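A quick write-up on the structure given underneath.
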Amino acid sequence: MTETATHFSFVNLLLNADPVVKAVMLILVVASVLSWGLSFETIRRQARLRGFLRQAASKGLVGAPVLAQTLLLRGRQSADISVPGETGGEYRARIERAMREVAGGLISASDAGLSVLATIAAVAPFVGLFGTVWGVMNSFSAIAGTNDTSLATVAPGIAEALFTTALGLVAAVPAVVAYNRLSHAMADLGRRFEQILRREAELMAARRGAPTVAAVDYREAAE
């Protein structure tokens, strides 16, 4: 029994598997590692952006240096443009729209991994299913080639099939959970950003002589 358990260990399954099944296993392992890495990186970027927004909410954009440099400059540039016949509401909306373009870049830089997580969550189970079908086909081929339906004949192919199914779930389930949680967190950050931009646009429209602040690349704020 010990020899049988050793023979069907994960290492032996990988080493003795069909080349196609090996490729499927490798893809799923890489997808799993990638999903974990992207999840932690997105969490780090969101935490950094959340800290900037917390500063901006309590002290204004001037109290959040990076956001002040990226957002206020764009807002001031829009505010300095003179549009004949423009109402006060249109003036404020134009400033807010200009700052929102920069805010969109900040948010995009912070959620860059979400699309990959969504892809892994959607595709990994089907990749595992492909490996499962291939393993079952190998089992039937072994039966046809040997005219033997004993467990020793079909077990390797069935074991490969079940193992690829498990790997597909291991890759997909964490990606689904991470995508849902991080998407919700990003939506919350977006709402907070909207509130800050609306407030700052109103303040900027009320005092048109605010000094211009130097700009930095918005992606630096999300690093």
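Along the sequence shown, the residues carry numbers beginning at 1. All values derive from a computational prediction rather than experimental measurement.
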Test of understanding: clusters of I, L, V, M, F, W, Y form through side-chain heavy atoms closer than 4.5 Å, transitively. Do Ile43 and Leu114 belong to the same one? yes
CA sep, side-chain torsions, deciding dist, call: Val24, Trp134, side chain to side chain contact (heavy atoms under 4.5 Å, CB included): CA-CA 10 Å; Val24 170; Trp134 195 271; over 6 Å; no
Side-chain donor/acceptor of Ser32 to backbone N/O of Leu28, under 3.5 Å: no
Starting from the C-alpha separation in whole Å, work towards a yes-or-no answer on side chain to side chain contact (heavy atoms under 4.5 Å, CB included) for Gln46 and Leu49. CA-CA 5 Å; Gln46 287 186 358; Leu49 183 58; 5.7 Å; no
Transitively linked via ILVMFWY side-chain contacts under 4.5 Å: Leu169 with Phe163? no
When you compare the side chain of Thr164 with that of Phe130, does any pair of heavy atoms fall below 4.5 Å? no
In Å and rounded to the nearest 0.5 Å, what is the CG to CG distance from Leu167 to Leu26? 10.5 Å
Identify, with sequence neighbours excluded, every residue that meets side-chain hydrogen bond (donor to acceptor under 3.5 Å, both in side chains) alongside Thr165. Thr132
I'd like a table of donor-acceptor pairs (distance under 3.5 Å, sequence neighbours excluded) in which one partner is a side-chain atom from residues 170-177, with atom names and distances.
none

Taking all heavy atoms of Leu117 and all of Ser39, pick out the closest pair and write down the distance. CD2-OG, 3.7 Å
Rounded at 0.5 Å granularity, tell me how far CZ in Arg50 sits from CE in Met186. 8.5 Å
In chain order, what residues pass the side-chain hydrogen bond (donor to acceptor under 3.5 Å, both in side chains) check against Glu194, with sequence neighbours excluded? Arg100
So CG of Leu38 and CG of Leu182: to nearest 0.5 Å the spacing works out to 10.0 Å
Within this structure, what is the CZ-CG distance for the pair Arg191 and Leu189, rounded to the nearest 0.5 Å? 9.0 Å
